[in-house]
Visitor: 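Below is one structure. I have some questions about it.
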Number of protein chains: 2
Amino acid sequence: MAVKVKQDSVDRVSQICAALRRAIIERALLPGDKLPEDALGDSFGVSRTIARQALGQLAAEGLVSLRRNRKAVVATPTIEEARDTFEIRIALEALVADCLAASITPEQITELKRHVADQEVADIASEAEAIRLATDFHVLLAGMTGRPILERYVTEVAYRSGLALSAYGRPHSNDCAIEEHRKIVEALEKGDADAAAREMTGHLSAVADRAQVMTREAPPRDLATILAPFVTS
Amino acid sequence: MAVKVKQDSVDRVSQICAALRRAIIERALLPGDKLPEDALGDSFGVSRTIARQALGQLAAEGLVSLRRNRKAVVATPTIEEARDTFEIRIALEALVADCLAASITPEQITELKRHVADQEVADIASEAEAIRLATDFHVLLAGMTGRPILERYVTEVAYRSGLALSAYGRPHSNDCAIEEHRKIVEALEKGDADAAAREMTGHLSAVADRAQVMTREAPPRDLATILAPFVTS
DNA sequence: CATCATCATACTGCATGCAATAATTTGAAG
DNA sequence: CTTCAAATTATTGCATGCAGTATGATGATG
């Protein structure tokens, strides 16, 4: 009997999605980068049909933008979308923090600490991995809630945030300060829901701020206002 | 010059998605109903390829479930997924209420009142339309925030809720009490963010309760507990 | 009459091909 | 040397066909 080599087809599409998501989050793919179907198909060893389906999914997630008869491109979120994404992310991850503070197990705490330690290593070794692990930390937390839909949305919104940072953030530097992650874990370990939620929202706000995304009420760029100081007399 | 008849292809897929979403929300399609690709293609006048893409999208949204080599079916959310969906929905729509209380315009209030009036008519005339308009009310609110991502997630989660109600709710009766919608609009009209959020969360909790979904800590169905009263002596 | 194996049918998974549209190059004119 | 138009190439949009897997029917057997 032959070894079971056959892959789920749904998984073939999801695999490509996952690979592209990762490439986007790691900033190997940048907003505006073109994603031709056959190039994609060649890369992954599938036909355009499959590549196309993956692009459709990613478009639904907001990571890719499709326009008729045009090559798919990595999406460039508008500044409003970026801001909105972070605000929703804060709300959802506050839910995660609240939920976990009540239910987290010692094993999960250990796993989180290990993850943060891995981040610390990667932070020096590999920029791409550091960015990815920073996002993974949040996905890991969401997964620990055991709430499947919450996990799904947190994951999606985390990826979108990554894209927003790619578009508007400065070069990595410290998008996701490891120290802040550690504090979140500490609050969870104590079972302090308020502190956990506070650390989480503070952390995410800081990330958004670093991306200059949350600037309260984006300056309206009104010509008259700008020129006022230059008007003589 | 010929009339522009050509449709966006992305829209062809989205149109099918939209039609299926509506059929699901109106309970024309029920959890477990089969969705063969060619039957779908025939219905919409497209090939299986397109139908398949639509199914992929809907699966990503959790409305359809796909298993390799099996016909797609309308998803049957687990009770945990249903509960989770409602909890997330409450969080997101609280955001909507809060956001709108501060920014809503008189025109928007008028539009909302008209919508509620339409609901009242439909409530007597057409069960399917009543259900659809009830969901549309929430989508309409979300759209009014002008926050594109928030609108997207509220919409998605509202549809998922509809599916959950389809699976676990009793026959329509009053899933979405119109009176509760009216109170939300009133709170928004006053610009009272707290009241709006309160009415909204109360309303959604009530909807969830009617579906028997939010039963605090689903009874564990522990055999010993169940049998205890039957143990003699 | 019920149960199970075998075959026929239906359906999915995927690549490919054709038509239509955009992108790019080429070449001609200024 | 630049600019613009026409032709050429690249790419998308979509249907279809083939192979492989489930589903349902048929008939054999206990």
Side-chain angles (χ1 to χ4, degrees), chain A residues 1-20 23-24 29-76, chain B residues 1-20 23-24 29-76:
Chain A
M1 168 188 164
V3 178
K4 193 171 186 178
V5 145
K6 208 51 178 292
Q7 316 239 23
D8 250 37
S9 117
V10 174
D11 276 15
R12 297 251 254 159
V13 171
S14 339
Q15 271 175 30
I16 295 175
C17 285
L20 290 177
I24 290 171
L29 284 172
L30 294 173
D33 280 357
K34 303 201 188 313
L35 301 168
E37 292 174 0
D38 26 9
L40 234 53
D42 289 349
S43 296
F44 291 101
V46 298
S47 78
R48 289 199 306 122
T49 309
I50 304 303
R52 190 181 176 75
Q53 282 189 55
L55 289 172
Q57 304 273 331
L58 293 171
E61 292 171 20
L63 297 183
V64 157
S65 91
L66 299 176
R67 281 165 49 205
R68 174 155 188 106
N69 286 325
R70 295 226 141 71
K71 285 184 250 224
V73 296
V74 176
T76 307
Chain B
M1 167 187 165
V3 178
K4 193 172 187 179
V5 144
K6 206 53 178 291
Q7 317 240 23
D8 247 41
S9 117
V10 175
D11 277 15
R12 297 250 256 158
V13 171
S14 338
Q15 270 175 30
I16 295 174
C17 284
L20 290 177
I24 290 171
L29 285 172
L30 294 173
D33 279 356
K34 304 202 188 312
L35 301 169
E37 292 173 0
D38 28 12
L40 235 54
D42 288 349
S43 295
F44 291 101
V46 298
S47 77
R48 288 200 305 122
T49 310
I50 305 302
R52 190 181 176 75
Q53 283 189 55
L55 289 171
Q57 305 273 330
L58 293 172
E61 292 171 22
L63 297 183
V64 157
S65 91
L66 299 177
R67 281 165 49 204
R68 177 158 186 101
N69 286 327
R70 295 229 146 67
K71 285 183 249 221
V73 296
V74 176
T76 307

Visitor: Can you find a side chain N or O atom of A:Arg52 that sits less than 4.0 Å from OP1 or OP2 on D:dT11?
Guide: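 Checking D:dT11 against A:Arg52, no side-chain N or O comes under 4.0 Å of OP1 or OP2.
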Visitor: For B:Asn69 and D:dG24, what is the distance between atoms CG and P respectively, to the nearest whole Å?
Guide: 15 Å
Visitor: State, yes or no, whether a side-chain contact exists between B:Arg12 and B:Gln53 at a heavy-atom distance under 4.5 Å.
Guide: no
Visitor: Please report, rounded to the nearest Å, how far the C1' atom of D:dG13 is from the CZ atom of A:Arg67.
Guide: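 Rounding to the nearest Å, CZ of A:Arg67 and C1' of D:dG13 are 16 Å apart.
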Visitor: Take the protein atom CZ of B:Arg48 and the nucleotide atom P of D:dT16, then report the distance between them rounded to whole Å.
Guide: 11 Å
Visitor: Write down the distance between CD (B:Gln15) and C1' (D:dG13), rounded to a whole number of angstrom.
Guide: 15 Å
Visitor: Where each residue is assigned the nucleotide of DNA chain C containing its nearest heavy atom, which of A:Gly45 and A:Lys71 is assigned the position nearer the 5′ end?
Guide: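 Final value for this comparison: A:Gly45.
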Visitor: Can you find a side chain N or O atom of A:Arg68 that sits less than 4.0 Å from OP1 or OP2 on C:dA22?
Guide: no
Visitor: Backbone N or O of A:Gly56 within a donor-acceptor pair of the B:Gln57 side chain at under 3.5 Å?
Guide: yes
Visitor: Rounded to whole Å, how long is the line connecting atom CG of A:Asp38 with atom C1' of C:dA23?
Guide: 14 Å
Visitor: Taking atom C1' of D:dA15 as reference, at what distance in whole Å does atom CZ of B:Phe44 sit?
Guide: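 Nearest whole value for this atom pair: 18 Å.
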Visitor: Select one nucleotide: of D:dT12, D:dC14, C:dT16, the one nearest the side-chain heavy atoms of A:Ser47.
Guide: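 Of D:dT12, D:dC14, C:dT16, C:dT16 is nearest to the side chain of A:Ser47.
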Visitor: Yes or no on side chain to side chain contact (heavy atoms under 4.5 Å, CB included) for B:Leu58 and B:Leu35, after CA distance, side-chain angles and deciding distance?
Guide: CA-CA 11 Å; B:Leu58 293 172; B:Leu35 301 169; 5.9 Å; no
Visitor: Does any part of the side chain of B:Ile16, heavy atoms only, come nearer than 4.5 Å to the side chain of B:Ile50, both counted from C-beta?
Guide: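 They are in side-chain contact.
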Visitor: For A:Gln53 and D:dT12, what is the distance between atoms CD and P respectively, to the nearest whole Å?
Guide: 15 Å
Visitor: Measure the distance from CZ on B:Arg70 to P on D:dT21 and round it to the nearest whole Å.
Guide: 13 Å
Visitor: Using only side-chain N and O atoms of A:Arg12, determine if any of them is under 4.0 Å from OP1 or OP2 of C:dC14.
Guide: yes
